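Position 1 is the first residue of the sequence; numbering continues from there. What you are looking at is a predicted structure, and each value in this text was computed from that prediction instead of being measured.
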Amino acid sequence: MRVAFYAPLKPPNHPVPSGDRRMARLLLEAIRRSGNDVSVASTLRAYDGAGDTDRQNRIRRRGEALARQFIERNRENPPDIWFTYHLYHKAPDWIGPLVCDAFAIPYIIAEASIAPKQAGGPWTDGLAAVTAAVRGASRVIVLNPVDRECIEPFTGPGSRIVALPPFIDTGPPRRAAADRQRHRTTLAARHGVAPTYVWIAVSAMMRFGDKLESYRVLGRVMQGLRDLPLRWLVAGDGPARADVEALLGADVTYLGALGPHDMDMLHAAADFAVWPAMREAFGMAMLEAQAAGAPVIAGRSPGVAQIIADGETGILTPPGDDMTMAAAIRALAKDPERQRSMGRAAMFKAEREHDIAAAAIGIGRLLREAVS
């Protein structure tokens, strides 16, 4: 089947890395692996974070014009399905529903959220568009269990909502884990990190908002662990880097933004990973860490809890509770055998439940059912 793909929040070719861009690319690859012909229908970014009504109207008009162009261009050979990733009031889809109406094809959404409290606010039109899109969708894929509660009133509790665990290609991090000692030796030499220390990986963009709030919690956590031989290896960059460095202090090795290979190397070499995960949807980096054999200590949320099995592949602590998180880090840092056993369990869980191969099978089945 021919699948038209669109990500209104952040297109797959956006220059700034993020979990949204990563997930868009993974969904494209999973659709391809499911045996379908998928192409990006538009790279229009529909996001407006400022509540600027004039800007939203311009984006809407541009989207509607692009929909008309797409319809005309594909009139003789329309796609079989339209697939939109990540809808919410600040980034609605102004293209897909018009195309689906014109060609009478199924409309699939992966990850949508509806916030009724935004009604009457600066994103009222975006909220209405997302609500209408969810109502008319053939299937809504839920990656974060929190989203089910907000969309179910608009779909009903039937089979139109499909749960899909977050996923990655676990092959590269698994191969990195097999060469852990070499990666640890390389990083030790490159960054002057003593191999005898306990290495803790932190992988997150340095942005204002929730990311910076997580770094703020992490800074408080680190204050209570100064007596331990820990080395914090922080991968990430962004506009809030100066704020992050002020929060975390000097006992940190800042690695900057890393590509996929270097990220896998870091996670494979680390003893475990830590992230407070304030208001985190699910956290792709935490899944990548586990796939490379690194247990993860993280703040608990429903999305994070579907990735980390508490007490088995990592440890979950109450969101923002720096004292409990510090105690968990202290205990795990002193227990190398538990680090290793959790790491093995984390790799197994990632491969069994969160690999792209399984996701491709599920998405392929869902697309066939939507068309039939």
Tell me the closest heavy-atom pair linking [X] and [Y], and the distance in Å.
X	Y	result
M342	I315	CE-CG1, 3.9 Å
R21	P11	CG-O, 4.0 Å
I105	D80	CB-O, 3.5 Å
A91	L87	O-CD2, 3.7 Å
P12	L28	CG-CD1, 3.6 Å
S203	H267	OG-NE2, 2.8 Å

Q: Start with the C-alpha gap between V140 and F154, add the side-chain angles, then the distance that decides, and say whether side chain to side chain contact (heavy atoms under 4.5 Å, CB included) holds.
A: CA-CA 11 Å; V140 181; F154 304 95; over 6 Å; no
With a 4.0 Å cut-off, would you call [X] and [Y] a salt bridge?
X	Y	result
D271	R184	yes
D322	R220	yes
E351	R344	no
D227	R330	yes

**Q.** Donor-acceptor side-chain pairing of N36 and S34 below 3.5 angstrom
**A.** yes
Q: For the pair Y85 and I141, evaluate side chain to side chain contact (heavy atoms under 4.5 Å, CB included) and give the outcome as yes or no after the intermediate values.
A: CA-CA 9 Å; Y85 166 61; I141 297 172; over 6 Å; no
**Q.** CA sep, side-chain torsions, deciding dist, call: W232, M222, side chain to side chain contact (heavy atoms under 4.5 Å, CB included)
**A.** CA-CA 9 Å; W232 300 82; M222 292 168 65; 3.6 Å; yes
Would you list the atom pairs, donor with acceptor, under 3.5 Å between side chains in residues 365-372 and any protein atom, with sequence neighbours excluded?
from : atom 1 : to   : atom 2 : distance (Å)
R368 : NH1    : G364 : O      : 3.3
S372 : OG     : R368 : O      : 3.1
S372 : OG     : E369 : O      : 3.1

(Q) Between L44 and W94, does the side chain to side chain contact (heavy atoms under 4.5 Å, CB included) criterion hold? Intermediate values first, please. (A) CA-CA 10 Å; L44 174 68; W94 299 115; 5.6 Å; no
Q) Taking ILVMFWY side chains as joined if any heavy atoms are under 4.5 angstrom apart, and letting links pass through other members, which residues group with M263? A) L187, V193, Y197, W199, L233, L255, L258, M265, L266
Q | Side-chain hydrophobic cluster, 4.5 Å single linkage: members besides Y88 | A | L9, Y47
Please tabulate, one pair per line, all N/O donor-acceptor pairs under 3.5 Å involving side-chain atoms of residues 285-305, not counting sequence neighbours.
from : atom 1 : to   : atom 2 : distance (Å)
E288 : OE2    : R22  : NE     : 2.7
E288 : OE2    : R22  : NH2    : 3.1
Q290 : OE1    : T313 : OG1    : 2.7
Q290 : NE2    : I307 : O      : 3.2
R300 : NH2    : D310 : OD2    : 2.9
S301 : OG     : E280 : O      : 3.4
S301 : OG     : V304 : N      : 3.2

Q) What orientation do H183 and H261 show, parallel under 30°, tilted 30 to 60°, or perpendicular over 60°? A) perpendicular
Q. What residue pairs, at least two apart or across chains, pass salt bridge (charged side-chain N to carboxylate O under 4.0 Å, His left out) with a residue in residues 65-76?
A. E72-R75
(Q) Could you work out, with side chain to side chain donor-acceptor pair (under 3.5 Å) as the rule, every residue matching E64, not counting sequence neighbours? (A) R60
Q: Taking the side chain as every heavy atom from C-beta outward, state whether V99 and Y107 have any pair of such atoms under 4.5 Å apart.
A: no
Q: Assess whether atom CZ of F103 is packed by more than 12 heavy atoms of other residues, nucleotides or ligands within 6.0 Å.
A: yes
